[in-house]
Amino acid sequence: MPWSVAFMVVAIVLIVSISRVAKARDRAMLSGPPADSADAARMREEMQRLKERVQVLERVITDQRSSMDLHGEIERLRDR
């Protein structure tokens with residue numbers, strides 16, 4: 001009888017430990033891979049540039065401008 005109680009205690013501890021490890025692994029996977037600061041800064045800069053380009057393209061498409069204004073906006077995008 002005492003062996004079965006000891007086995008149950010060990011089994012419970014093992015189950016709790018495995019569930020904690022699985023939760024920690026899932027949280028780590030959800031947060032994404034760790035990025036070094038230089039890589040993260042480069043990605044932020046690139047994201048900012050892309051957002052600016054999208055804003056310009058939205059403005060070019062939605063605004064009612066003459067063809068010269070449109071030509072100037074396109075040239076400015078090419079120069080970047």
Side-chain angles (χ1 to χ4, degrees):
M1 189 73 110
W3 287 105
S4 63
V5 173
F7 177 74
M8 285 190 288
V9 169
V10 169
I12 290 171
V13 169
L14 185 63
I15 290 170
V16 169
S17 298
I18 290 172
S19 68
R20 286 186 180 176
V21 168
K23 280 184 183 178
R25 183 187 55 162
D26 289 344
R27 286 185 188 139
M29 289 178 69
L30 288 176
S31 67
D36 61 342
S37 60
D39 191 34
R42 184 187 57 76
M43 285 188 219
R44 278 193 296 273
E45 290 172 8
E46 184 176 354
M47 180 67 72
Q48 184 61 35
R49 284 193 308 267
L50 290 173
K51 285 181 180 181
E52 290 171 1
R53 290 187 71 155
V54 167
Q55 287 176 347
V56 170
L57 290 172
E58 288 174 344
R59 191 172 57 243
V60 166
I61 290 172
T62 58
D63 289 352
Q64 299 297 325
R65 296 185 184 184
S66 69
S67 63
M68 286 302 282
D69 289 341
L70 180 61
H71 180 69
E73 289 289 338
I74 292 171
E75 289 304 316
R76 274 182 274 198
L77 283 175
R78 286 186 184 152
D79 292 340
R80 286 186 179 190

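Side-chain atoms are counted along with the backbone in the values below, which use heavy atoms only and exclude waters and symmetry mates.
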Colleague: Quickly, which of K51, E58, E52 forms a side-chain contact (heavy atoms from CB on, under 4.5 Å) with V54? Name it, please.
Modeller: E58

Colleague: For E46, give me all partners under side-chain contact (heavy atoms from CB on, under 4.5 Å), at least two apart in sequence or on another chain.
Modeller: R42, R49, L50

Colleague: Show me the donor-acceptor pairs within less than 3.5 Å that the side chains of residues 6-18 make with the rest of the protein, sequence neighbours left out.
Modeller:
residue, atom, partner, partner atom, Å
S17, OG, V13, O, 2.9

Colleague: Is there a side-chain contact between M43 and D39, using heavy atoms and a 4.5 Å cut-off?
Modeller: yes

Colleague: Excluding sequence neighbours, so at least two apart, what forms side-chain hydrogen bond (donor to acceptor under 3.5 Å, both in side chains) with E75?
Modeller: R78

Colleague: Among all residues two or more places apart in sequence or in another chain, which pass the salt bridge (charged side-chain N to carboxylate O under 4.0 Å, His left out) test with R20?
Modeller: none

Colleague: Could you identify which residues cluster with M47, counting Ile, Leu, Val, Met, Phe, Trp and Tyr as linked when any side-chain heavy atoms lie under 4.5 Å apart, either directly or through a chain of such contacts?
Modeller: none

